[in-house]
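The chains referred to below are lettered A, B, ... by the order of the sequence lines, with proteins before strands, and numbering in each begins at 1. Keep in mind that this is a model prediction, so the values were computed, not measured.
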Protein chains: 2
Amino acid sequence: MNKRAKIKDIALKAGVSPTTVSRALSGTGLVAEPTLSHIRAIAETLHYRPNISARNLRTQKTMSILVVVRDIGNPFYLDIFKGAESIAHDAGYSLLMANTEDDPKREADYFNMLSDGRADGMILMTGKMPLDCDLPHDISQKVVVALEMIDNVDLTHVVIDNEYASIEAIDHLVSLGHQKIAYIAGPIPEGMSVRRLAGFRHAMMADGLKLPEAYIQQGNFSYQSGERAADRLLDLPDPPTAIYTANDEMAFGAIRAAKKRGLSVPEDLSIFGFDDTYLAEAFVPALTTVRQPCLEIGRRAMTRLLAHLSGDNPDTDSIVVPTEIVIRETTAPPPQKTYHPSS
Amino acid sequence: MNKRAKIKDIALKAGVSPTTVSRALSGTGLVAEPTLSHIRAIAETLHYRPNISARNLRTQKTMSILVVVRDIGNPFYLDIFKGAESIAHDAGYSLLMANTEDDPKREADYFNMLSDGRADGMILMTGKMPLDCDLPHDISQKVVVALEMIDNVDLTHVVIDNEYASIEAIDHLVSLGHQKIAYIAGPIPEGMSVRRLAGFRHAMMADGLKLPEAYIQQGNFSYQSGERAADRLLDLPDPPTAIYTANDEMAFGAIRAAKKRGLSVPEDLSIFGFDDTYLAEAFVPALTTVRQPCLEIGRRAMTRLLAHLSGDNPDTDSIVVPTEIVIRETTAPPPQKTYHPSS
DNA sequence: ATGAAAGCGCTAACAT
DNA sequence: ATGTTAGCGCTTTCAT
């Protein structure tokens, strides 16, 4: 094996200048036909492959995009990755995994990578801007925010309408006859949790339902916290007949809490999740939930980012992708009034 | 905002040569003390950050690693990513997501990226080598195979002992009193599926149990296929009292099949999964399963790869990481039979 | 301990 | 349509 061929070698062998070779190979359409195919043939013979670092240095691009999340171990991001990856790959871009673990140093690191030209753009899903780092001056054309909103920044956001989603969910429960509906919220004051809670309050009010404060319990998105929150709810003197949760995992926890005390889901207690994660469908009983179109979020975010990078669309207006409720097996009309749960 | 400072600017301001600046900043220890801190101070003032493309071009490195999977949407990889990322990040490397979708073209693409110097190394989890591409001559120092084995290649493998894992699982079921144990396999002839099936057969034989061929059903790792396979098993004239599955999702499907026909898990039927995926624990009932130490697999694979890249350890001997069985709520002694006395 | 000079491989301005 | 020239910003001999 010799060393790799470079443009110069091809030029020499083809009897043209390196420039012509470069032009021929990158398909600028500025090279006449006989030369073109001649060059291509030689490149083929020599197994030519461009040196990417050299190109990157010259063009000031890297053809890679940072995808920044809090926890790379969270399955929720998977479809977003997948959607973003498919768009990026088609455009010749690669995805760089960026995992902040909520560590401010890491958050800053990844922004520095952007400034350093180690990546051309970023899809930011941590819900926060970093401290202590140089933001690129053209940040609005390099960063798209997805999933979690960040207030007061002029960046494109790709998000769902958390409030509307809650209204749809509650409306469905109400249409089944539920009046005593409780909510298990995510950690406050995180933006997403706050908005979903607001949506719930809003929906309950719009439907004219009573909402005792004890009907709002807080979890941290883990199934364990959902189980504990549901325990508190079911211990209430006047427990709810339906529980709406801020994510699917807490819904799974709530199902566990119900089963533990001999309650059937959905006969004795309805459960409504949020996210339509992987396995919501496989769960027994299959979870009724709000579907977030994660593939779509990933695609839209990447599409907009690429438009920014190519200068095709500098707008930073937000993109709201629609959610839909998916009715499965964990919701049903409330039980008839009895003192004891029926078997 | 001015344009970014470069080494030359610092050199000018510090009254030294670019060479000295480079040496000072990369900590080679070849610069005397007064100069050193002087240079550092100026770099700080100018917010100097090195141009990575230039460095890459010069050093022929990129400090990034390809992580190649069949389907980036599969949650199973998450902890492997996480483990690999933590090691890589500490060493200053970034991870490039590579998603093959089982497309030979993509598989080749990612190897080409390696050859092209777009990435320094690769962790390969697709279980196959690509066709139609130039493999780097020093491939054994650039590629580590994880999770799925590839036969006849001289590359480091980081894998679990699928056979031993099956033996442990079956032994547990046997110790509970089960004799009629069926298996839902993954797609044959994929390496992983073949090995787990072999392990199951081996274990059944070792325990002296009868194994009718109908007790081995095949799925494709989806929960739906698990449900269908379990249906076939439970329709048998002499159905099993325990089902062992090649992954957790198919186990969830089997639980669904059982519930559908009014069978309780684990009272009427025991289910034993494989992987200990996310949610195995949250499932109701919580799934008894074989835990694959994915974080560890990711860490070990990356550690070895970095050792290869730095030349510290050129060995390609395989690394076998231990599994363990996790007993939760889906396994119990088989139901009593009036005419079959048991423990 | 520091500097001068060369060059990694590519592409883009500016000719012709 | 093709060539000439220059240079992206860094690191690394090789000299002093």
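- Between the NE2 atom of His38(B) and the P atom of dT2(C) there is a distance of 12 Å, given to the nearest Å.
- Nearest nucleotide to the side chain of Thr19(B), out of dT12(D), dC10(D), dC10(C): dT12(D).
- Rounded to whole Å, the distance from CG on Asp116(B) to P on dC10(C) is 10 Å.
- Of all nucleotides listed (dG9(C), dC10(D), dG3(D)), dG9(C) comes nearest to the side chain of Ala54(A).
- Ranking dA6(D), dC10(D), dG3(C) by closeness to the Arg58(A) side chain, first place goes to dA6(D).
- In terms of heavy-atom proximity, Leu78(A) sits nearest to Gly73(B) at CD1-O, 3.4 Å.
- Each of Asp312(A), Asp315(A), Asp317(A) was scored for a salt bridge (charged side-chain N to carboxylate O under 4.0 Å, His left out) with Arg304(A), with one residue passing: Asp317(A).
- Looking at heavy-atom distances under 4.0 Å, Thr35(B) makes contact with sugar-phosphate atoms alone, never a base.
- Taking 4.0 angstrom as the limit, Tyr48(B) places none of its side-chain polar atoms (N or O) nearer than this to OP1 or OP2 of dG9(D).
- Side-chain contact of Thr316(B) with Asp154(B): a donor-acceptor pair under 3.5 Å is present, judged by distance alone.
- Checking dG9(D), dG3(D), dT11(D) against every side-chain atom of Gln60(A), the shortest atom distance belongs to dG9(D).
- Of the candidates dT2(C), dG9(D), dT12(D), the closest approach to any side-chain atom of Val31(B) belongs to dT2(C).
- Salt-bridge check for Arg40(A) with Glu44(A): failed, with every basic side-chain N at 4.0 Å or more from each acidic carboxylate O.
- In this entry the distance linking CG of Leu57(B) with P of dT11(C) reads 12 Å, nearest Å.
- Between the CD1 atom of Ile39(A) and the P atom of dC10(C) there is a distance of 14 Å, given to the nearest Å.
- Listed nucleotides dA4(C), dT12(D), dG3(D) differ in distance to Ser17(B); the shortest reach to its side chain belongs to dA4(C).
- Atom NZ of Lys8(A) and atom P of dT5(D) are 14 Å apart (whole Å).
- Using a 4.0 Å cut-off, some side-chain N or O of Thr20(B) falls inside it from OP1 or OP2 of dG3(C).
- Counting atom types as modelled, Ser22(B) pairs no side-chain N or O with a base atom of dT12(D) as donor and acceptor under 3.5 Å.
- We find that CG of Asn51(A) is positioned 13 Å from C1' of dG7(C), with the value rounded to whole Å.
- dG9(D) atom C1' lies 15 Å from atom CZ of Arg49(B), rounded to whole Å.
- Atom CZ in Arg55(B) sits roughly 14 Å away from atom P in dG9(D) (whole-Å rounding).
- Nearest heavy atoms, Asp120(B) versus Thr62(B): OD1-N, 2.8 Å.
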